[in-house]
A.B. asks: 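I'd like to ask some things about the structure below.
What you are looking at is a predicted structure, and each value in this text was computed from that prediction instead of being measured. Every chain is numbered from 1, with letters handed out A, B, ... down the list of sequences.
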Number of protein chains: 2
Amino acid sequence: MSESTILIVDDEAAIRDMVSITLDLAGFASISAENAHDAHVAIIDKKPDLVLLDWMLPGGSGIELARRLRRDDLTANIPIIMLTAKSSEDNKVQGLSEGVDDYVTKPFSPRELVARIKTVLRRIDDKQKNKALQVFDLQLDPTSHRITIEDKPVEMGPTEFRLLKFFLMNQEKVFSRDHIQDSVWGGNVYLEERTIDVHIRRLRKALSSIEGTAIDYARLVQTVRGAGYRFSVRPS
Amino acid sequence: MSESTILIVDDEAAIRDMVSITLDLAGFASISAENAHDAHVAIIDKKPDLVLLDWMLPGGSGIELARRLRRDDLTANIPIIMLTAKSSEDNKVQGLSEGVDDYVTKPFSPRELVARIKTVLRRIDDKQKNKALQVFDLQLDPTSHRITIEDKPVEMGPTEFRLLKFFLMNQEKVFSRDHIQDSVWGGNVYLEERTIDVHIRRLRKALSSIEGTAIDYARLVQTVRGAGYRFSVRPS
DNA sequence: TCAAACTATGACATTTGCGTGACAATAACA
DNA sequence: TGTTATTGTCACGCAAATGTCATAGTTTGA
C-alpha cells in the first residue's frame, strides 16, 4: 500500500506543526487545515485517508464537520480521529455516536498518536478489503469470489477476475501495460506486450456475456491510445 | 469449542479484578476495560465472545456503549450481560430494549455470574447452530449426527459430515484447500493436495444419492477454479 | 490520402488445475 | 478374529485457462 495521507484540522498552528512533523517521521503524508471550512474543501479535494480533527474548533464546528462528513456518501467512509482537550466521558460518548473512529486526548505522545492512527487505518482497511466492489449493477465480491451483473453470475478466468478487481479498485485512472502487468501478474514475470490486450479483450467479452443489461459494461474498460487502459464510469 | 473470551467493563478496579479471577477459575479468558471508549476499542480489536458491562459507568456511557454495539453489524451479535448496582425494574426494562441479553445485580456471587454467562453463551451458541444447518430440504442435525434430504437419511463418512457441516456454517464464501484442511482436519496433519478433491467428490456423491429431489444438492458444492471451493445456494 | 503506429481479435499449442476410479492401509465393529 | 467402512494417495484423463502469434482493423499525423 502506498503512503497514507492524513489531514490535520486544528486551529493552533503549533499543534498542527507538531503533529505534522510526527506524521512525517512515521511515514505518513500530511496536510493541514485551520478551520472546518478549509478542512472540508481539503477533504473533497485531496481525499485524505484519515482526518485528525480537533474537537474544540472555534464555534464548536469540529463536531459539525464530523457530522457533515458522515452524512455525505463521498466522505462517509473516511475515518476520523478526534483530538480532545480534556478527557471527558461526555465528549467521548457524544463523539462515538457521531461515528468517530477513535480519540486521542491532549496532551498526547507522538507514539500514541501514531499507534492510534495505524490501528484505525488497519481496521478500516480490513473492512474495505472484504467489501464488495460495485459499479452500477456490476458487483465483485472478494469473499465469495464472485462477479455478478444484475445478480446474474458472470463467468471469467482467474486472471480476468484479478484484472477486473484491480480496475474496480483503481477507477478513472490510466494504467500502462507495464503497470497493469506489475499489479495483476506480479513483478516477476515476462509477458509479451500484446498479451495484456488479449486479457483485456477476454474481460470485455465476459462483461458483455449478460444479455439485456441497461449498460454496456464492456465499454467501461476503455482503451487510451498510446497510454494503456482505464476503467471509467464516464464515457470516453 | 475453544476457550471463550469475556470482556469486563467496569470503572472499579476491585470489581474488575474480582470478576477476572472468577472467570479464570471457571475456564474463561478475560480482558478488561475501565471505560466505554477502551471497551469499544477492545471489542473491535479482540472480538470477545461476551461483554460484561457495568450499567453505571461514569457519564452513563454504559447504555450508550450497548446501544452503539447493537447498531454496528460487526458487533451486533456479541452478547452483553449488564451489571447493575441495584435491582431496579426500570433499568431492566430499559436494558432489554437495548438488546441486552441478561442482567446480574450487584452484589453477585461468582457462582451466579458464571452460571449466567454459561447460559447466555449456550443460548447464543444454540441459536447459531440451528440457524445455518438447513438448506432447502437438506438438513444436518449436529445432535443426532444425521443428515437428511427431504427427511430421507443420507449416508456419508465422518469426514464428509464434518466437511458439510463446515460448509453449511460458512456459506457463500470461498475457501482454499489449505483453509478447508485447517478447519475440517485440524492444523496438524499433512494432506496431499488432491485429497481434498476426493472428499469433495465423496460429499457430492453422497448429496446426489437421493433420487428425485427437486434440487441437485451436489451442485451447491461449487468449485472455484484457482481459489478453492464454495457452498452456495446461488448458481455458479 | 498514405504510411506508420497502435490496438483488436481469432486461432492455436501448451500449461495448469480439477475430477475420477482404483487401491492399499487403517480404523471400527461384531 | 474376520469383516466392513473409512481414509489418504496415486495415476490418468479432461477441460479450462493461458500466453503467443499472425492478421485485420483503427487512429494519427504528415
Side-chain angles (χ1 to χ4, degrees), chain A residues 145-147 153-166 174-209 216-231 236, chain B residues 145-147 153-166 174-209 216-231 236:
Chain A
H145 209 273
R146 196 173 231 162
I147 293 172
V154 179
E155 310 265 346
M156 66 179 73
T159 306
E160 285 73 42
F161 185 93
R162 274 179 284 130
L163 188 55
L164 177 57
K165 187 174 173 187
F166 169 73
V174 182
F175 295 99
S176 68
R177 290 177 172 73
D178 274 350
H179 196 313
I180 292 174
Q181 177 178 328
D182 282 354
S183 302
V184 177
W185 273 259
N188 297 330
V189 288
Y190 172 76
L191 286 181
E192 211 56 42
E193 184 98 347
R194 303 275 113 239
T195 302
I196 306 283
D197 301 31
V198 175
H199 281 281
I200 291 282
R201 169 181 154 272
R202 285 170 183 158
L203 174 57
R204 284 175 175 154
K205 196 178 236 174
L207 292 177
S208 304
S209 64
D216 183 0
Y217 288 95
R219 214 174 293 264
L220 304 183
V221 180
Q222 302 170 351
T223 304
V224 182
R225 191 182 172 82
Y229 294 96
R230 169 181 57 202
F231 189 96
S236 55
Chain B
H145 214 266
R146 276 170 66 102
I147 292 171
V154 179
E155 306 276 338
M156 66 178 72
T159 306
E160 284 73 41
F161 183 90
R162 273 180 286 130
L163 188 55
L164 178 57
K165 185 175 172 187
F166 170 72
V174 178
F175 296 98
S176 67
R177 290 177 172 73
D178 275 349
H179 197 312
I180 292 174
Q181 177 179 326
D182 283 353
S183 302
V184 177
W185 273 261
N188 296 330
V189 288
Y190 172 76
L191 287 181
E192 212 55 41
E193 185 97 344
R194 307 268 108 252
T195 302
I196 307 282
D197 301 30
V198 174
H199 282 281
I200 291 281
R201 169 180 154 273
R202 285 168 182 159
L203 175 56
R204 283 175 175 154
K205 199 178 235 173
L207 292 177
S208 303
S209 64
D216 183 0
Y217 289 95
R219 214 175 294 264
L220 303 184
V221 180
Q222 301 171 350
T223 304
V224 182
R225 189 170 247 268
Y229 294 98
R230 168 181 59 201
F231 189 95
S236 59

A.B. asks: Roughly, in whole Å, what's the span from CG in A:D178 to P in C:dC6?
C.D. replies: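 Computing the A:D178:CG to C:dC6:P distance gives 14 Å.
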A.B. asks: Rounded off to whole Å, could you give me the CD-to-C1' distance for the A:Q222 and C:dT7 pair?
C.D. replies: 15 Å
A.B. asks: Whole Å only: how far is the CD1 atom of B:I180 from the P atom of D:dG8?
C.D. replies: 14 Å
A.B. asks: Specify the residue among B:R204 and A:V224 whose closest nucleotide of DNA chain C lies further upstream toward the 5′ end.
C.D. replies: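 Counting from the 5' end, the first nearest nucleotide belongs to A:V224.
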A.B. asks: C:dG19, OP1 or OP2 - any side-chain N/O from B:Y229 closer than 4.0 Å?
C.D. replies: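 For B:Y229, the contact criterion (side-chain N or O under 4.0 Å from OP1 or OP2 of C:dG19) is met.
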A.B. asks: Could you tell me which residues satisfy ring pair (Phe, Tyr, Trp, His ring centres under 6.0 Å) with B:F231, sequence neighbours excluded, listed by chain and number?
C.D. replies: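 Once residues adjacent in sequence are excluded, B:F231 has no partner under the ring pair (Phe, Tyr, Trp, His ring centres under 6.0 Å) criterion.
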A.B. asks: Looking only at atom types and distance, does a side-chain atom of A:R230 sit under 3.5 Å from a main-chain N or O of A:V224, one as donor and one as acceptor?
C.D. replies: no
A.B. asks: Checking A:Q181 side chain against A:E193 main chain: does a donor-acceptor pair fall under 3.5 Å?
C.D. replies: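 Side chain of A:Q181 to backbone of A:E193: no pair is present.
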A.B. asks: Report yes if a side-chain nitrogen or oxygen of A:T159 is closer than 4.0 Å to either non-bridging phosphate oxygen (OP1 or OP2) of D:dT18; otherwise report no.
C.D. replies: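 Affirmative; the distance criterion is met.
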A.B. asks: Are more than 12 heavy atoms, taken from residues, nucleotides or ligands other than B:R146, located less than 6.0 Å from that residue's CZ atom?
C.D. replies: no
A.B. asks: Hey, does the side-chain of A:R225 have a donor or acceptor N/O within less than 3.5 Å of a partner on the base of D:dT27?
C.D. replies: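 Flag set: donor-acceptor pair detected.
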A.B. asks: Take atom CG of A:L191 and atom P of D:dT18, then tell me their distance rounded to the nearest Å.
C.D. replies: 11 Å
A.B. asks: I want to check one thing: is the phosphate of C:dT7, taken as OP1 and OP2, less than 4.0 Å away from some side-chain N or O of A:R177?
C.D. replies: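 True: A:R177 side-chain N/O within range (under 4.0 Å) of C:dT7 OP1/OP2.
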A.B. asks: Contact class for B:E155 (heavy atom, under 4.0 Å): base, sugar-phosphate, or nothing?
C.D. replies: nothing
A.B. asks: Tell me the closest heavy-atom pair linking B:R177 and B:D197, and the distance in Å.
C.D. replies: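 Smallest heavy-atom distance, with atoms named: NE-OD1, 2.9 Å.
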A.B. asks: Side-chain N or O of A:W185 versus OP1/OP2 of D:dG19: is the shortest distance under 4.0 Å?
C.D. replies: yes
A.B. asks: Counting only side-chain N and O atoms of A:T223, is one of them less than 4.0 Å from OP1 or OP2 of C:dC6?
C.D. replies: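 Looking at the OP1 and OP2 atoms of C:dC6, neither is under 4.0 Å from any side-chain N or O of A:T223.
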A.B. asks: Start at the 5' end of DNA chain D and walk down; is the nucleotide closest to B:M156 or to B:E192 reached first?
C.D. replies: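 Here B:M156 is the residue nearer the 5' end.
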A.B. asks: Which heavy atom in A:A218 sits nearest to a heavy atom in A:L207, and how many Å separate them?
C.D. replies: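 Minimum heavy-atom separation between A:A218 and A:L207: N-CB, 3.9 Å.
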A.B. asks: How is B:F161 classified with respect to the nucleic acid when contacts are heavy atoms under 4.0 Å: base, sugar-phosphate, or nothing?
C.D. replies: nothing
A.B. asks: Looking at DNA chain D, which of residues 193-203 of chain A put a heavy atom within less than 4.0 Å of it?
C.D. replies: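 Going residue by residue through residues 193-203 of chain A, the ones with a heavy atom under 4.0 Å of DNA chain D turn out to be A:T195, A:V198, A:H199, A:R202.
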A.B. asks: Where does the angle between the aromatic ring planes of A:H179 and A:F166 fall among parallel (under 30°), tilted (30 to 60°) and perpendicular (over 60°)?
C.D. replies: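 Tilted.
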A.B. asks: Take atom CG of A:L163 and atom C1' of D:dG19, then tell me their distance rounded to the nearest Å.
C.D. replies: 15 Å
